Structure formats: structure tokens, C-alpha cells
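To keep things clear, I will list the structure first and then write my remarks on it.
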Amino acid sequence: MKLAVQKSYSNRPAGYGTLFLVGTPIGNLEDMTFRAVRTLQECSIIAAEDTRQTRKLLTHFDIIPEKLFSYHEHNKTASGPELIRYIMEGKNLALVSDAGLPAISDPGADLVRLALDAGIAVVPIPGANAALSALIASGLNTERFTFAGFPPRERKELLSLLETFEASHGTLLFYESPHRIVKTLATIQEAYGNRQVVLARELTKLHEEWVRGTAGDCLAWLEEHPPLGEYCLVVEGKSAQEEAEEKQAWWKELTLQEHVQHYESEGINRKEAMKRTAADRSLSKRDVYNALLSSGE
């Protein structure tokens with residue numbers, strides 16, 4: 001993507017409309033923001049993942065758009081260019097998903113790319129998000145996290161994905177269906193051991209439910225309480241201590257001299273090799289230098 005600067009949607013090309021990404025409720029209709037309601041009222045066109053679901057929302061807030069388009073995974077190839085054409089003709093378009101923020105785990109991201117390629121301004125209208133709502137109330141680390149969306153269905157592919165996150169101690173966030181939550185959680189336990197996890201469902205709704213415990217505890221809970229509704233699955237990452245210990249493990253069997261030589265074998269000059277060795281071992285560079293000097297290195 002080439003450099004592009006968008007300071008505000010007021011500097012869009014003459015005659016163009018704007019693509020607004022509007023957050024919608026994830027359960028409770030009061031999740032809707034005043035700005036989101038106003039934006040939907042002012043946009044000529046609304047594109048929705050499920051028009052039947054969106055029509056209920058619009059009716060609740062007395063919003064009557066000029067046009068309500070269907071835009072989803074199965075028709076995005078045909079609908080996307082058509083929606084872009086409307087915006088280029090001067091129509092403001094609001095994109096919504098069934099729940100939460102559009103363009104997250106849905107084809108809205110493809111429409112955003114089409115809009116940017118066409119020089120159209122894209123403006124987010126923030127709102128509720130299930131994954132982040134689950135994270136902040138999980139009790140797990142919120143400083144570093146990775147959102148992985150819906151995990152692969154096949155066990156082998158899921159294990160491969162989990163392996164890519166193995167080195168990170170950030171919290172992991174997934175969405176999962178009630179039909180697959182048990183298998184996915186069992187695979188996570190297989191890959192990571194009995195880490196702390198949180199199962200969150202029906203967020204912001206009347207029957208909001210949180211299950212917090214180890215992976216084993218949560219699996220036992222699901223055996224006695226059949227899964228209902230889609231879940232946000234929050235998985236504890238490795239602790240900083242665990243990550244540091246694993247990072248150090250590779251050199252623990254090496255002598256100090258062998259440690260330096262390892263870095264030199266990678267094409268690093270001796271001064272930098274000594275500096276890295278010192279950092280790995282929490283030593284000063286002078287300590288490493290003196291040890292090599294006394295050994296005749």
C-alpha cells in the first residue's frame with residue numbers, strides 16, 4: 001500500500017461520499033452510541049451482513065434509509081464494487097455487521113480496502129466489541145493480547161496456529177461456536193497445558209455468563225452445562241518469567257566462550273557477540289571480556 005494521508009473525511013475527493021464503519025450492539029440495544037444512531041440516520045445507504053437483523057435495529061431507532069443493501073461473505077465480490085460506485089457518486093454509506101464492529105472477522109475488511117484503493121475516506125464510528133469486552137473483564141493480562149478470530153476447524157491446523165503464539169506471553173482471544181467450543185478448548189489444553197481460560201457468552205444480554213478457571217475446569221463445566229450461544233474464549237499467555245526462562249534455555253549448556261562463538265558463527269563481530277552474551281546472562285560486558293581474557297580467548 002502506498003503512502004496515503006487522511007486527516008478528516010472532509011478532504012475527500014470532490015463529489016465522493018464517505019464509508020462509515022458503524023459499531024452496533026453485541027447484545028443489549030443500549031450498547032448503541034448516540035453517534036452511531038446519528039450516522040445511520042444521515043447516511044443514504046446502509047450495507048448489512050444480515051438485512052433482516054439490521055432492519056430490526058433500524059426499526060427500534062426509527063431509522064429509514066434510502067437503501068438497505070446486503071453485503072456478506074457470499075456476495076461481496078459482486079456487491080463490493082457496486083457499493084463503491086454509489087459512494088463515488090456522492091452517497092454516504094454506513095457499513096454494519098450483525099453485532100459489534102464491522103470489518104472484524106467479517107468481509108467488511110474487503111470493502112474497506114476497495115474504498116481506500118478508490119480514494120474514498122473511511123471513518124470508524126466506535127462501538128461495542130465482544131472480544132475486548134471479554135478481555136477487560138476476564139481478569140487476565142490486558143497489556144498484551146492477540147485477537148485470532150474464529151480458530152481453524154481442523155485439529156492439525158489449530159495446533160499449528162497455536163504453535164505460532166507459543167512464544168508470546170500475551171493473552172489470546174478467540175471467537176467460537178457452541179458446537180466447537182469443547183474441541184477447541186481441548187486442543188488448547190493439549191497445546192498449552194492447563195492454563196487459565198475464561199469463557200464469556202451472551203455479553204451485555206440478560207443471561208450474560210462468565211466461566212473462569214483452568215482449561216480442565218472449564219471443560220468439566222461444559223460437560224455438565226451444554227454450550228449455548230457463541231463464545232468469546234480468553235486464554236492466558238505465558239508469563240514473562242516463563243518466556244525469559246525459555247529464551248535462556250538454548251545457551252544454558254554452553255560455556256561462556258561457546259556462547260560468544262555461537263554468535264560469531266552467525267556472522268556477528270566479536271564486540272557485538274560479547275554484548276549479546278552479556279545480555280543473555282545478565283552480566284556486564286566487562287565481566288564477559290575479563291572471563292575471555294583469563295581463558296586466553
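As the structure is a prediction and not an experimental result, all values here were calculated from the model.
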**Message:** Run the side-chain hydrogen bond (donor to acceptor under 3.5 Å, both in side chains) test on N194 and Q189 for me, step by step, so that the C-alpha distance in whole Å, both residues' side-chain angles and the decisive distance to 0.1 Å come before the verdict.
**Reply:** CA-CA 6 Å; N194 216 20; Q189 184 183 37; 3.1 Å; yes
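- A salt bridge does not link E157 with R153: every distance from a Lys NZ or Arg NE/NH1/NH2 to an Asp or Glu carboxylate oxygen is 4.0 Å or more.
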**Full working for side chain to side chain contact (heavy atoms under 4.5 Å, CB included) between L40 and L58** = CA-CA 8 Å; L40 292 179; L58 298 178; 4.1 Å; yes
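- Under a 4.0 Å N-O distance rule, the pair E230/R201 does not qualify as a salt bridge.
- Salt bridge present: K91 and E66 bring a charged side-chain N and a carboxylate O closer than 4.0 Å.
- Side-chain rings of Y86 and F69 approach one another, their centers coming within less than 6.0 Å.
- Aromatic pair F147/Y175: centroids less than 6.0 angstrom apart.
- Taken from OG1 in T51 to CD1 in I46, the straight-line distance is 11.5 Å, to the nearest 0.5 Å.
- In this structure, K275 places its NZ atom where only 12 or fewer heavy-atom neighbours from other residues, nucleotides or ligands lie under 6.0 Å away.
- Residues V198 and I188 do not share a hydrophobic cluster, clusters being chains of Ile/Leu/Val/Met/Phe/Trp/Tyr side chains in contact below 4.5 Å.
- Between L19 and I84 the shortest side-chain heavy-atom distance does not fall below 4.5 Å.
- Atom CG of L222 is separated from atom CD1 of I181 by 6.5 Å, given to the nearest 0.5 angstrom.
- Around atom CZ of R212, more than 12 heavy atoms belonging to other residues, nucleotides or ligands sit under 6.0 Å away.
- Just one residue in the list L140, L173, L172 forms a side chain to side chain contact (heavy atoms under 4.5 Å, CB included) with F145, and that residue is L173.
- The local environment of CD in E266 is crowded, with over 12 non-hydrogen atoms from other residues, nucleotides or ligands closer than 6.0 Å.
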